[in-house]
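Each remark here refers to the structure printed beneath this line.
Each chain gets a letter, A, B and so on, in the order its sequence line appears, and its residues count up from 1. Since we're looking at a predicted model, the values are computed, not measured.
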Amino acid sequence: MEEVQRQAKARSTTKARKMSEKKKDMISGYLYVAPFFIVFGIIGLYPALFSIVLAFQEWNGLGEMEYVGLSNFTVVLQDPLFWKSLYNTIIIGLMGTAPQLIVGIVLAYFLNLAVIRFTNFFRVTIFMPYITSMVAVALVFGVFFSSNETALANYVIGLFGVDPVSWKTSEWGAKIAIALMVFWRWVGYNTIIYLAGLQSISKDLYEAATIDGANKVQQFIYITIPLLKPFIILTVFMSTVGALQLFAEPTVFLGSSAFSRDEAMTVVMYLYRDAFNLGSFGTASATAVLLLIIIIGAAAINTWLTSGIGNKKKRGA
Amino acid sequence: MKQKHKKQSKAGTLPIYLILGFTSLFSLFPFYWMFVMATQPSAAYNSIPPTLLPGGKLVENFQKVLDTIPFFQAMWNTILLCTVVTLAVLLISSLAGFAFAKFTFPGKNFLFILILLTMVIPPQLGLIPQYYLISQLGWLDSLLGAGILFLLNPLGIFLMRQYISESVPDELIEAAKLDGCSNFRIYWSIVLPIIKPAFATLGIIVFTLVWGEFLWQFTVLRDPASYTLQVALASLNNAFRVDFGMLLSGVFWATVPLIVIFLIFNKWFISSITEGSVK
């Protein structure tokens with residue numbers, strides 16, 4: 001009763017008071033988003049714009065900046081090491097993420113089957129690698145794939161009759177080892193995302209398909225994959241962006257030789273080396289701008305390709 | 001007919017269990033092996049067949065870690081960094097999320113789209129100016145310099161806006177206003193208690209992110225006294241001849257706390273992934 005009276009009273013208040021209420025909300029709104037935008041301005045927007053400006057300057061971080069036009073870009077684009085690092089990044093990215101997404105979907109599909117028990121145990125163990133830091137993963141794998149002939153990895157491939165590999169100094173050894181640690185750390189993460197996607201698919205669809213005589217594989221291809229598409233797009237997008245930013249794993253895995261060898265140097269490592277080992281902020285910033293363009297381009301292409309998955313299937317069916 | 005189908009699928013589950021079991025083994029083996037190596041002398045690494053059972057050097061190896069890097073200092077630095085950053089991000093995100101969800105002000109949509117755009121910018125783009133800025137402020141080798149970058153968390157605002165607009169009823173806010181509550185009072189006494197679950201989700205995301213991040217911490221923390229765990233561990237691998245037993249002992253003891261926390265709160269951890277990415 002009192003509440004109703006109070007509300008009636010509030011409604012009858014003058015227009016002026018309503019205006020001041022509105023004004024108050026407006027001020028609160030600005031005030032509450034202010035902390036984020038202050039932080040964003042100082043450590044987000046300003047550095048990003050500064051980077052783009054720097055890409056056209058010659059600067060070692062101490063003296064005067066000198067405008068040099070596009071020459072930083074020419075220097076980077078004419079450096080074979082830049083292209084090698086881009087190649088490495090793409091190869092490691094493909095080997096580390098593509099199998100991961102496929103295995104992730106299959107694992108999630110199994111974990112979502114009603115007949116499978118102990119799913120929580122499997123979920124927790126498969127997800128556990130994600131909890132470990134990239135540095136920890138790189139160090140453990142660094143010992144597993146050590147350059148010694150007696151490395152455990154060499155023992156394992158020896159069981160299959162393969163000769164020992166010098167994992168940290170060979171072109172493919174380093175790439176495979178790094179791709180494997182990326183795979184190991186992230187496969188559970190993607191499985192969890194796909195599992196969330198599968199759980200959003202209605203069971204009725206599968207029942208109807210079973211009645212129509214579709215077997216499990218057909219159900220997987222014609223029901224699961226198309227309905228999982230938004231989740232596939234999401235993970236492909238995140239994997240693409242993440243793979244192109246690879247830094248910690250190769251740096252820590254290679255240790256003291258990280259910036260002096262080129263078998264596993266990634267674009268971000270190339271950038272880091274330019275800026276902090278060679279003191280060339282200008283070319284490093286040009287690399288950062290190029291990386292931004294590459295990431296946007298690759299993410300767009302991959303998202304576009306993934307969006308085509310279900311459509312093609314539908315046409316085929 | 002139905003029963004026959006059930007029987008069939010039960011018999012067919014064996015290969016699935018084998019695959020899942022193998023994957024679990026694949027996921028767990030590095031953890032186990034890390035523990036084994038942390039208890040073995042470095043020489044055990046060279047033995048054939050490989051050593052797969054724990055030895056007696058657990059304490060000795062860890063002692064070597066303590067002699068090489070300021071392990072406990074780094075552990076403390078990491079915990080302090082993660083805790084302060086997490087609390088700050090929760091505060092910044094929930095305030096802004098509240099404003100975006102419940103207030104109208106000119107330019108709101110534009111500002112929100114700006115936040116979404118910041119999610120796409122790769123963090124490396126600003127690395128050099130950020131480093132320069134921090135060095136000009138004299139914050140190199142300090143947790144302040146290491147932490148400030150993580151305050152920028154657009155995902156946090158996104159999550160909070162979503163959660164607040166779904167779970168805090170407008171009527172509740174209206175009623176509180178009629179009672180004369182200030183907007184901040186509404187935030188503090190009404191919104192905060194309701195969004196505790198979202199705090200848990202975002203808190204886990206931010207805490208694990210800061211705990212494991214490497215590039216930025218590696219860039220600004222050069223003085224061993226300021227090392228966080230990740231930088232300290234990476235420095236263990238920089239010697240010309242690395243003592244593997246010591247190395248993995250360091251990794252083991254730096255990983256154990258997080259694994260214990262994970263095993264206790266695994267449901268929260270796993271749901272934080274889907275909350276954080278699927279929404």
Side-chain angles (χ1 to χ4, degrees), chain A residues 6-7 10 24-26 28-30 32-33 35-36 39-40 43-44 47-48 50-51 54 61 107 110 115-116 122-129 131-136 139-140 142-143 150 152 155 188-189 192-193 196 234 245 247-248 252 255-256 268 271 275 281 284-285 288 291-292 295, chain B residues 9-10 13 16 19-20 23-24 27-28 30 34 37 46 48 50 92 95-96 98-99 103-105 111 118 121-122 124-130 132-133 148-149 151-152 157 178 183 211-212 214-215 219 230 233-234 237-238 240 244 247-248 251 254-255 258-259 262 266 270 273-274 277-278:
Chain A
R6 218 183 299 155
Q7 276 179 7
K24 249 196 216 159
D25 277 7
M26 213 174 88
S28 296
Y30 286 128
Y32 294 172
V33 299
F36 175 84
V39 168
F40 170 62
I43 56 173
F50 193 5
S51 252
L54 259 184
L107 289 177
F110 288 161
V115 286
I116 297 297
F122 290 127
R123 242 168 33 135
V124 170
T125 53
I126 293 171
F127 184 71
M128 217 160 102
I131 295 306
T132 48
S133 68
M134 294 168 289
V135 172
L139 290 173
V140 173
V143 180
T150 50
L152 187 53
Y155 177 81
Y189 178 94
I192 296 299
I193 290 182
L234 175 82
Q245 298 175 359
F247 175 80
V252 176
S256 50
V268 180
L271 184 165
F281 282 9
S285 297
L291 180 65
L292 174 70
I295 288 178
Chain B
S9 55
K10 262 228 165 107
T13 56
I16 295 178
I19 292 170
L20 289 174
T23 317
S24 288
S27 298
L28 291 180
M34 168 172 81
M37 293 322 269
N46 291 319
I48 289 189
I92 293 173
L95 270 176
F98 178 40
F103 295 133
T104 41
F105 48 94
L111 289 177
T118 61
I121 301 175
Q124 296 84 8
L125 179 65
L127 180 69
I128 292 156
Q130 283 158 348
Y132 182 69
L133 191 70
I148 190 150
L149 213 62
L151 296 186
L152 186 62
I157 296 188
L178 291 176
N183 281 331
W211 180 286
F214 180 65
L215 175 60
T219 307
Q230 308 309 321
L233 288 178
N237 200 27
N238 269 338
F240 179 64
F244 289 143
L247 180 68
L248 291 191
V251 179
T255 308
L258 211 56
I259 292 181
F262 168 67
N266 69 73
I270 292 178
I273 296 311
T274 44
S277 52
V278 175

Checklist outcome for this item: Greatest number of non-hydrogen atom pairs under 4.5 angstrom with chain A, of B:Pro30, B:Ser27, B:Ala254, B:Ala234, falls to B:Ser27
Next on the checklist: If you apply the rule ring-ring contact (aromatic ring centres under 6.0 Å, His included), what do you find for A:Phe127 with B:Phe262, and how did you get there?
Outcome noted: CA-CA 10 Å; A:Phe127 184 71; B:Phe262 168 67; 5.8 Å; yes
Next on the checklist: So which residue, A:Gly188, A:Pro129, A:Ser285, ends up with the most heavy-atom pairs under 4.5 Å with chain B?
Outcome noted: A:Pro129
Checklist outcome for this item: So, the part of B:Leu247 with a heavy atom under 4.5 Å from chain A: the answer is side chain
Next on the checklist: Quick check against the 3.5 Å criterion: does B:Gln130 have a side-chain atom that pairs as donor or acceptor with the backbone of A:Ile43?
Outcome noted: yes
Item to check | chain A interface, residue from B:Val251, B:Leu127, B:Ile92, B:Asn237 that has the most non-hydrogen pairs under 4.5 Å | outcome: B:Asn237
Next on the checklist: Please report the interatomic distance CD1(B:Ile128) to CG(A:Leu271), rounded to the nearest 0.5 Å.
Outcome noted: 5.0 Å
Next on the checklist: Looking at chain B, which one of A:Gly29, A:Ala275, A:Ala284, A:Gly142 has the largest number of heavy-atom pairs inside 4.5 Å, strictly under?
Outcome noted: A:Gly29
Item to check | Plane angle bin for B:Phe103 and A:Tyr32 - parallel if under 30°, tilted between 30 and 60°, otherwise perpendicular | outcome: tilted
Item to check | Non-hydrogen side-chain atoms of A:Val268 and B:Leu215 separated by less than 4.5 Å | outcome: yes
Checklist entry - Counting heavy-atom pairs under 4.5 Å to chain B, which of A:Val39, A:Val124, A:Val135 comes out on top? => result A:Val135
Item to check | Contact leader toward chain A among B:Ile148, B:Leu95, B:Ile259, B:Leu233, where contacts are heavy-atom pairs under 4.5 Å | outcome: B:Leu95
Next on the checklist: Can you tell me how far apart CZ (A:Arg123) and CG (B:Leu20) are? Round to the nearest 0.5 Å.
Outcome noted: 12.5 Å
Checklist outcome for this item: d(B:Asn266 CG, A:Thr125 OG1) to nearest 0.5 Å is 10.5 Å
Item to check | Distance-minimising heavy-atom pair for B:Gln230 and A:Ala136 | outcome: OE1-N, 4.4 Å
Checklist entry - So what's closer than 4.5 Å to chain A heavy atoms on B:Thr104: side chain, backbone, both or neither? => result backbone
Checklist entry - If we only count heavy atoms from C-beta on, is the A:Phe40 to B:Thr118 side-chain gap below 4.5 Å? => result yes
Checklist outcome for this item: Value for CZ (A:Phe110) from CD1 (B:Ile16), rounded to nearest 0.5 Å, stands at 4.5 Å
Next on the checklist: A side-chain contact here means heavy atoms from C-beta on lying under 4.5 Å apart; do A:Phe36 and B:Leu151 qualify?
Outcome noted: no
Checklist entry - Quick one: does A:Ser51's side chain have a donor or acceptor within less than 3.5 Å of a partner on B:Leu125's backbone? => result yes
Next on the checklist: Given heavy-atom pairs under 4.5 angstrom as the criterion, report whether the side chain, backbone, both or neither of B:Leu133 touches chain A.
Outcome noted: side chain
Item to check | Per-residue contact mode, A:Ile295 against chain B (heavy atom under 4.5 angstrom) | outcome: side chain
Checklist entry - Given that the side chain runs from C-beta out, which part of B:Asn183 has a heavy atom under 4.5 Å from chain A: side chain, backbone, both or neither? => result both
Checklist outcome for this item: Scored by heavy-atom pairs under 4.5 Å with chain B, the best of A:Phe247, A:Phe50, A:Phe281 is A:Phe247
Next on the checklist: Evaluate B:Leu258 against A:Thr132 for side chain to side chain contact (heavy atoms under 4.5 Å, CB included), listing each step before the verdict.
Outcome noted: CA-CA 8 Å; B:Leu258 211 56; A:Thr132 48; over 6 Å; no
Checklist outcome for this item: Closest non-hydrogen atoms of A:Ile126 and B:Ser24, given as atom of the first, atom of the second and distance, are CG1-OG, 4.3 Å
Checklist entry - Picking from B:Ala99, B:Gly212, B:Ala96, which has the most non-hydrogen pairs under 4.5 angstrom with chain A? => result B:Ala96
Item to check | Heavy-atom check, side chain of B:Phe105 versus side chain of A:Asp25, under 4.5 Å | outcome: no
Next on the checklist: If you count heavy-atom pairs within less than 4.5 Å of chain B, which of A:Val252, A:Leu54, A:Leu107, A:Leu139 leads?
Outcome noted: A:Leu139
